[in-house]
There are 2 protein chains.
Amino acid sequence: MAKRRKVGNLMALAVLSALVQRPMHPYQMASVLREHGKDQNMKIKWGSLYTVVQNLEKHGLIEATESTRQGGRPERTVYGITEAGRVELTDWVRELLATPEQEQSRFTAALSVMAVLSPAESADLLAQRLTALEKGLAARRAALAEAAREVPRLFLVEEEYELAVADAEVGFVRGLLGELTSGTFPGLADWQVFSETGVVPPELAELMERGLHPQQP
Amino acid sequence: MAKRRKVGNLMALAVLSALVQRPMHPYQMASVLREHGKDQNMKIKWGSLYTVVQNLEKHGLIEATESTRQGGRPERTVYGITEAGRVELTDWVRELLATPEQEQSRFTAALSVMAVLSPAESADLLAQRLTALEKGLAARRAALAEAAREVPRLFLVEEEYELAVADAEVGFVRGLLGELTSGTFPGLADWQVFSETGVVPPELAELMERGLHPQQP
DNA sequence: ATGCGTATACTCGGGGACGAGTAATCAAGA
DNA sequence: TCTTGATTACTCGTCCCCGAGTATACGCAT
C-alpha cells in the first residue's frame, strides 16, 4: 500500500481538486487555492506549481483545453481535469484518508478535499484510519513503556510528543466520525445531495465564486 | 528569523548530534541513528545521508579525520564535528525548540537532540515556543470561528484538525515545561551535571555503547 | 568447499522542489 | 503625463533528495 503516485507532490492534489470545479490556467489555480486558505496549511511554491502542472499533463491527469493570449502578456494555457485525473484524485484521497502516516500534512490535505467523496465513503475510510491509528498507538505506547524501564526520559521525550499528537488525532477522527455516522455533522444533507447528483446547494454556489476564507488584513 | 541553514535537511541535525559523541564514518552514523530509534521518526534515506555528510563537510561543520581501508572494502572516511559544527548544532536546536512551525517533524527532531542544551536553556526556549504557540492558536481559533459563520463545516474540517493537533502540542509543551521548571522531570540532575561538566553519568555511559531503544523483533 | 543469504558500505543518475528573476499591465497619485 | 508600486503570469537554473543499483565480506548450512 501507499502506492507511488505518478505525481507525489501534495500540491498536485490541490490542483486536481481545483480543476474539478472548472478548467483554469495555472496562475488562476494559485489564486483559488489562496482564497480557499490553502496557503495557510500548504505554502504555495511558485516553482513547484508549474512543475506539478507539467507533470500532471505528462501523465494525462490534466490536459490543455485552450491557450489564449491577450495583449502582450505571456500566453496562458487553460487546463482541465481528465477522467484519469478524476480517478487519481478520488483514489488518492481515499488512500490519504484511510491510512495514517507520519506526516500530518498529508491528512490535512486529504481532509481539505474530502468533499470529492460521498459522506458514507468518507466515514468508512475514517473508520479504517481510526482502527489503524489506535492499533499503532497502542503498540507505540507499549514500546515506549518498555523503553522507559531502561532509558531516561530525556531521550524519550520526542516519542512522548509524537504520541501526544497521535492521541489528539485519534480524538479528532473519532469525533468527526461520530458526527458523520450519527448524522449530526452540519451540512451533511447538502453534502449527500451534492455527492449523488453533483448539484451544489444554492447558498454555496455563490460562496464558491467569491472564494471561501476571506483574507484577513 | 527561521534563518536558512547551510544544510537544511533534518538528517544533518541527526548527523551532527551523532558526531558530538564521537567521530564516525557515514554508515556508522546510520547504525547509531537506527539504534536510537531515529528511523521511526525520521526515515533514513541512504542517498541523502551521503549528500548531507558531503555538504556538512563542504561548509566546514564536520571534517574528515582519518580514512581507513580494510580488506577489499571500499574506503571508509571517518568524520568528526568541528567547532563551527557544534555552534551550528546548538544554534539550530535553539531555533527549532523556540519557534513553532507547521511541520511537526521539526519539533520532534529538536526534542530528540535537546540534550545538547542545558535544562535551563531548554526550559527557556520551550517557554518562548509556548507563548508563540498560544498566540498563534488563539488567532487561528478566532479566524476559524469567523469563517464558520459563512462557510460550511465541510470546508473547515482540515483547519479544525490542525487546531486539534496544535492544541495537543500546547498541552505537551506546557506539561514538559512544568516538569522542567518545577524540577520534577526525572533525570534532571544528571542532565544538569552533564551540561555543566560534560560528564556522562555511569549508568548512562553503558547504555550509550549498546544503543538506546533495543530493536523490537 | 561451495553455495547462499545477509550485512556492510557506499555510488549514481534522474527528477523534483523552489527561490529569484523577468516582464508586461494597470491604477493611482504627483 | 510621468512615475511608481502592485498585480499578473510565468521561466529558469540550481540545489538537493532519494531509490535503486553495486560490490565485497562473512557466517552458516549442506
Side-chain angles (χ1 to χ4, degrees), chain A residues 2-15 18 23-35 39 42-59 61 64 66-79 102-103 105-106 109 211 215 217, chain B residues 2-15 18 24-35 39 42-59 61 64 66-79 102-103 105 109 211 215 217:
Chain A
K3 197 187 334 185
R4 5 166 62 67
R5 303 280 156 190
K6 304 297 111 239
V7 186
N9 196 331
L10 279 184
M11 195 176 296
L13 189 77
V15 166
M24 291 179 210
H25 58 90
Y27 193 86
Q28 226 170 355
M29 299 173 199
S31 312
V32 168
L33 295 184
R34 184 135 19 112
E35 273 162 12
D39 56 334
M42 169 196 309
K43 311 219 162 291
I44 291 174
K45 331 278 173 95
W46 288 103
S48 303
L49 176 62
Y50 290 89
T51 321
V52 158
V53 165
Q54 220 179 119
N55 289 340
L56 285 172
E57 188 185 19
K58 191 169 69 189
H59 292 290
L61 303 177
E66 59 175 321
S67 168
T68 61
R69 156 190 309 260
Q70 45 176 320
R73 300 247 192 108
E75 129 187 84
R76 303 179 309 175
T77 308
V78 176
Y79 294 91
Q102 61 297 348
E103 303 274 342
S105 66
R106 302 181 77 76
Q215 255 69 336
Chain B
K3 194 187 340 180
R4 2 167 64 66
R5 300 283 157 190
K6 306 295 111 239
V7 185
N9 196 331
L10 279 185
M11 195 176 298
L13 188 77
V15 165
M24 290 179 212
H25 59 91
Y27 194 87
Q28 226 171 355
M29 300 171 197
S31 313
V32 168
L33 296 183
R34 187 133 19 109
E35 273 162 12
D39 56 334
M42 170 197 308
K43 311 219 162 292
I44 292 175
K45 330 278 172 93
W46 288 103
S48 303
L49 176 62
Y50 290 89
T51 319
V52 159
V53 165
Q54 222 178 119
N55 290 342
L56 285 171
E57 189 185 17
K58 192 169 68 188
H59 292 290
L61 303 176
E66 59 176 322
S67 168
T68 62
R69 156 190 312 259
Q70 46 177 317
R73 300 246 191 109
E75 132 187 82
R76 303 179 307 176
T77 309
V78 176
Y79 293 91
Q102 62 296 349
E103 304 274 342
S105 65
Q215 257 65 339

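Below, all heavy atoms of this structure are taken into account, side chains as well, without hydrogens, waters or symmetry copies. Proteins come first, then strands; the chains are lettered A, B, ... in the order of their sequence lines, and each starts at number 1.
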> Just the rounded figure in Å: distance from C1' of C:dC18 to CD of A:Q54.
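So the two atoms are 14 Å apart, to the nearest Å.
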> Round to the nearest Å and state the distance from B:R5 atom CZ to D:dC16 atom P.
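Answer to the nearest Å: 15 Å.
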> Sort out for me which residue in A:L56, A:L49, A:N55 forms a side chain to side chain contact (heavy atoms under 4.5 Å, CB included) with A:V52.
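It is A:L56, the one option of A:L56, A:L49, A:N55 that forms the side chain to side chain contact (heavy atoms under 4.5 Å, CB included) with A:V52.
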> Who are the side-chain contact (heavy atoms from CB on, under 4.5 Å) partners of B:Q54, not counting sequence neighbours?
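Once residues adjacent in sequence are excluded, B:Q54 has no partner under the side-chain contact (heavy atoms from CB on, under 4.5 Å) criterion.
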> Quick test: give all pairs of protein nitrogen or oxygen and nucleotides 17-20 of chain D nitrogen or oxygen below 3.5 Å, distance rounded to 0.1 Å.
{"residue": "D:dC17", "atom": "OP1", "partner": "B:N9", "partner atom": "ND2", "Å": "3.2"}
{"residue": "D:dC17", "atom": "O5'", "partner": "B:N9", "partner atom": "ND2", "Å": "3.3"}
{"residue": "D:dC18", "atom": "OP1", "partner": "B:K45", "partner atom": "NZ", "Å": "3.3"}
{"residue": "D:dC18", "atom": "OP2", "partner": "B:S48", "partner atom": "OG", "Å": "3.4"}
{"residue": "D:dC18", "atom": "N4", "partner": "B:T51", "partner atom": "OG1", "Å": "3.4"}
{"residue": "D:dG19", "atom": "O6", "partner": "B:G47", "partner atom": "N", "Å": "3.4"}

> Is A:Y27 near enough to D:dT8 that one of its side-chain N or O atoms lies under 4.0 angstrom from OP1 or OP2?
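Yes, because at least one side-chain N or O of A:Y27 sits under 4.0 Å from OP1 or OP2 of D:dT8.
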> Testing the basics here: between B:K45 and B:M11, what is the closest heavy-atom pair and its distance to 0.1 Å?
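Scanning both residues completely, I find the closest heavy atoms to be N-CE, 3.6 Å.
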> Taking atom P of C:dG21 as reference, at what distance in whole Å does atom OH of A:Y50 sit?
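Rounding to the nearest Å, OH of A:Y50 and P of C:dG21 are 18 Å apart.
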> Grab the CG-C1' distance between B:L56 and D:dC15 for me, whole Å please.
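The distance from CG of B:L56 to C1' of D:dC15 comes to 15 Å, rounded to the nearest Å.
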> Distance check needed: D:dT8 C1' versus A:M29 CE, whole Å only.
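Those two atoms, CE and C1', are 15 Å apart.
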> At their closest point, which heavy atom of B:S48 faces which heavy atom of B:N9, and how far apart are they?
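Nearest pair, atom of B:S48 first, then B:N9: CB-ND2, 4.1 Å.
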> Which residue is it: A:H25, A:M24, A:Q28, A:M29? I am looking for the one with a side chain to side chain contact (heavy atoms under 4.5 Å, CB included) to A:Y79.
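Testing each of A:H25, A:M24, A:Q28, A:M29 against A:Y79, the sole residue satisfying side chain to side chain contact (heavy atoms under 4.5 Å, CB included) is A:M29.
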> On a heavy-atom basis, which atom in A:Y27 and which in A:W46 lie closest, and how many Å separate them?
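Of all heavy-atom pairs spanning A:Y27 and A:W46, the closest is CE1-CH2, 3.6 Å.
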> Below the 4.0 Å mark, does D:dT8 have OP1 or OP2 next to a side-chain nitrogen or oxygen of A:H25?
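For D:dT8, OP1/OP2 do not have a side-chain N/O of A:H25 under 4.0 Å.
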